[in-house]
Amino acid sequence: MSHFSLHDSQRRATVPFVPLDPEHIKIYYCGPTVYDLAHIGNLRAMLTADVLVRTLRHLYPRVTFVRNITDVDDKITARARDNNEDIATLTERTTHEFHADLAAMNVIPPDIEPRATHNIDEMQHLIARLVAQGHAYEADGHVLFSVESFPSYGALSGRNPEELVAGARVEVATYKKHPGDFVLWKPSSEDQPGWDSPWGRGRPGWHIECSAMSHRYLGESFDIHGGGSDLMFPHHENERAQSMCCFPGGKFANYWVHNAMLLVEGEKMSKSLGNFFTIRDVLKQAPAEALRLLLLSAHYRSTLNYTQAGLLEARKTLDRFYRALAAGPVPRTEAPEGVLKALSDDLNTPAAIAELHALASKALAGDRTAAGALKAGADMLGLLSEDPEKWFRGESSDEDTEIQALITLRLEAKKQRDFAKADALREQLQGMGIILEDTRDGTEWRRA
RNA sequence: GGUCCGGUGGCAGAGUGGCUAUGUAGCGGACUGCAAAUCCGCGUACGGGGGUUCGAUUCCCUCCCGGACCUCCA
C-alpha cells in the first residue's frame, strides 16, 4: 500500500496520514449554506473532498464521509424575505439544486448529509455542556463562547486572541467579555426562525452546528476535517474550541485540510466584477468533465486561476484522452501506480494528470493495457466516466442521419476526385458544428 | 497595522541542491487531394540583489510584486 501523506493545516506541514482506526476512516466537510446556487469556488472545495474520499476509499476498507447542509442562517432568512418565499421552500429547492449540480460534476455524495435544523437538540446539548463547564456564558439574551476559557484558542489558524482585537474591522458587541467571544445561541424575533431553549426562543450561531453534527455522526475524534481556507478562521477555529471544550478527552479533527481559493481571469471572483460563475453557468458552455479537469489541474493548496482559455484547454485534453480510449478495447485494469503515487502525495492531482497524459500517449500508440490504466487512473479523479462516442457526438439525434448522408455524399465526391464538392460538403458540415476526420476505414465525425 | 501564503518558459501548472515534469499555444517536418486526428523535431523557464555550497530555480537573508485571512465567504 502506498504511503498516504496529507498536508495538515494545523501542523502546517505535509505529514504521513495515520488513521485513528485503519479499519474505518472518518471525515467531515463543511457543506453549503443553502440560499443560492453553488459557484465554482464552492465546487473546488467539493472536488477536493471528492478526490480525497476517492483516494481514501482506495487505500482503506471503510470511509465514512459526512458533509452537512446549513439550512438555518441569517443569509437564508434574508434571501427568503427578498424572494418573498418560505425559508423551507428556499432551502429545499437550493439543496436539490446543489445535489443536481454535484451529480452533474460526478461528485460522490456523502454517506451522511445531516441538516442543521435536524440537529438543534444536539446543538443545545453541547451549548448547555459548555455553559456548565464554564466555557460559555449568557449575556443579553445570547450565549457566548469564552475564548479565554480555552488556552489553545487560535492554534489552528495561527493567531492569538489579542491580535484579533487590534485588527477587528467589525464593531464588538458590548455584551462580550472578550472581543473574540462568539455566539453559540442568539435570540430570535417573531419573524426569525427560532427554537425554544433554556435561553429562550432563539437560533444557533453558525459554528455550533458543525460541532454538533460531527460529534453526532463521527464522535469526539475523527480523522479529517476539511473546507475552504477561508473557513479556517473563524469557523474552524471556533468549531475546534467548542468541540474540544465539550469533549476534553477527544482530539476533534486529527487532520485539517483546507483548499486554496480560486481567481477568475486573474481576479477575485465577485458579483460586482461580473466574473461570478455558478456551476450551472459553466455547464451551459462546457462539459462537466472539462470543468472538473480544469479545477483539478492545479494542486488544491494553490490558488487556481479559472479562465475561459483553461476551460477550452481542459476540453481538448479530454478529447485526446477519449480518443485514446476509443482507439480500441479498454481492458479492466487496476488504478495505475503512478496516479496512486501522485494522489498519495497530498493529492497531487496535476502530477496524476501528467501520468494520464503519458498513458494516453501509450494508448494512442496501440498499447491497450495503457488504455485500461488510463481509464482506471482517470476514475480516481472522477474523469473519463462517459462513453467516448457520447463525448464526441453528444446524445444521438435525428440530425445524425443527415450528417451521415452528407458524409456519404462527400465520400462519393472524393471518389470521383471532385475535391471542390467534397470540400464544400465539409464546410457545410462545419457550419453545423461538425468536424470530420478521414481515416483508413472511413470518415469519423464529432461535434466541435 | 497583524498573521500567513505565493512569484517557474506566450499561457496553464508540477517538482527538485547537480540528471531542468506535463499540457497548451507557436514554429518546422511526416501523413493527407486538402483538412482533421496522429507522429517526429525545435524553443533550455524558475521576480531583483546578496549569501551558503564544488554546484541553487530548489537552502538562508533582503528587497520588490501579487494574493488570502483578521468574526459574510469554498
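Lettering follows sequence order; numbering is per chain, from 1.
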Return the minimal non-hydrogen interatomic distance between Ala104(A) and Ala288(A), and the atom names on each side.
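For Ala104(A) and Ala288(A), the tightest heavy-atom pair comes out as O-CB, 3.2 Å.
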Between [X] ([atom1]) and [N] ([atom2]), how many Å, whole number?
X: Ile76(A); N: rC72(B); atom1: CD1; atom2: P; result: 16 Å
X: Arg315(A); N: rA37(B); atom1: CZ; atom2: P; result: 12 Å
X: Leu263(A); N: rA12(B); atom1: CG; atom2: P; result: 11 Å
X: Glu313(A); N: rG23(B); atom1: CD; atom2: C1'; result: 6 Å
X: Glu444(A); N: rA37(B); atom1: CD; atom2: C1'; result: 11 Å
X: Leu262(A); N: rG13(B); atom1: CG; atom2: C1'; result: 15 Å
X: Leu364(A); N: rC40(B); atom1: CG; atom2: P; result: 10 Å
X: Phe145(A); N: rU71(B); atom1: CZ; atom2: C1'; result: 14 Å

I want to verify a distance call: between [options], whose nearest atom is closest to the [X] side chain?
X: Glu437(A); options: rA14(B), rA37(B), rC73(B); answer: rA37(B)
X: Met269(A); options: rU22(B), rA74(B), rG13(B); answer: rA74(B)
X: Asp438(A); options: rG13(B), rU24(B), rC34(B); answer: rC34(B)
X: Ala298(A); options: rA36(B), rA14(B), rU71(B); answer: rA14(B)
X: Ala422(A); options: rC39(B), rA14(B), rG33(B); answer: rG33(B)
X: Arg410(A); options: rU22(B), rC69(B), rG33(B); answer: rG33(B)
X: Ala354(A); options: rA12(B), rA74(B), rA21(B); answer: rA21(B)
X: Ala351(A); options: rG33(B), rA14(B), rA36(B); answer: rA14(B)
X: Phe233(A); options: rG23(B), rG13(B), rC69(B); answer: rC69(B)
X: Trp206(A); options: rA14(B), rC73(B), rA74(B); answer: rC73(B)

[N] phosphate, OP1 or OP2: any side-chain N/O from [X] under 4.0 angstrom?
X: Lys268(A); N: rC69(B); value: yes
X: Lys414(A); N: rC34(B); value: no
X: Asn42(A); N: rC73(B); value: no
X: Ser302(A); N: rA14(B); value: yes
X: Arg320(A); N: rC39(B); value: yes
X: Asn259(A); N: rA74(B); value: no

Closer than 4.0 angstrom, basic N to acidic O: yes or no for Asp8(A) and Arg11(A)?
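Here Asp8(A) pairs with Arg11(A) in a salt bridge, since their nearest N and O are under 4.0 Å apart.
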Could you check whether Asp111(A) pairs with Arg67(A) (Lys NZ or Arg NE/NH1/NH2 to Asp/Glu carboxylate O, under 4.0 Å)?
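Between Arg67(A) and Asp111(A) there is no salt bridge, as every charged N stays at least 4.0 Å from the carboxylate O atoms.
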Roughly how far apart, to the nearest Å, are [N] and [M] at atom [atom1]?
N: rG13(B); M: rU22(B); atom1: C1'; result: 8 Å
N: rA30(B); M: rG50(B); atom1: P; result: 48 Å
N: rG51(B); M: rU44(B); atom1: P; result: 28 Å
N: rC65(B); M: rU8(B); atom1: C1'; result: 15 Å
N: rG15(B); M: rU58(B); atom1: C1'; result: 9 Å
N: rA74(B); M: rC11(B); atom1: P; result: 31 Å
N: rU24(B); M: rG67(B); atom1: P; result: 31 Å
N: rG17(B); M: rG29(B); atom1: C1'; result: 39 Å

Go through the N and O atoms of the side chain of [X] and the base of [N], and report whether any donor-acceptor pair is under 3.5 Å.
X: Arg426(A); N: rC34(B); answer: yes
X: Arg323(A); N: rA37(B); answer: no
X: Asp423(A); N: rG33(B); answer: yes

Among His235(A), Glu239(A), Arg240(A), whose side chain to side chain donor-acceptor pair (under 3.5 Å) with His207(A) holds?
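Exactly one option meets the side chain to side chain donor-acceptor pair (under 3.5 Å) with His207(A), and it is His235(A).
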Start at the 5' end of RNA chain B and walk down; is the nucleotide closest to Lys316(A) or to Ala309(A) reached first?
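First, find each residue's nearest nucleotide; the 5'-ward one identifies Ala309(A).
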Cation-aromatic face contact Lys414(A)/Phe419(A), 6.0 Å, 45 degrees:
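Geometry flag: not set, cation outside 6.0 Å or 45°.
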According to the Watson-Crick and G-U wobble definitions, with both distances under 3.5 Å, which nucleotide is paired to rG33(B)?
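When the pairing criteria are applied, nothing turns out to pair with rG33(B), so the answer is none.
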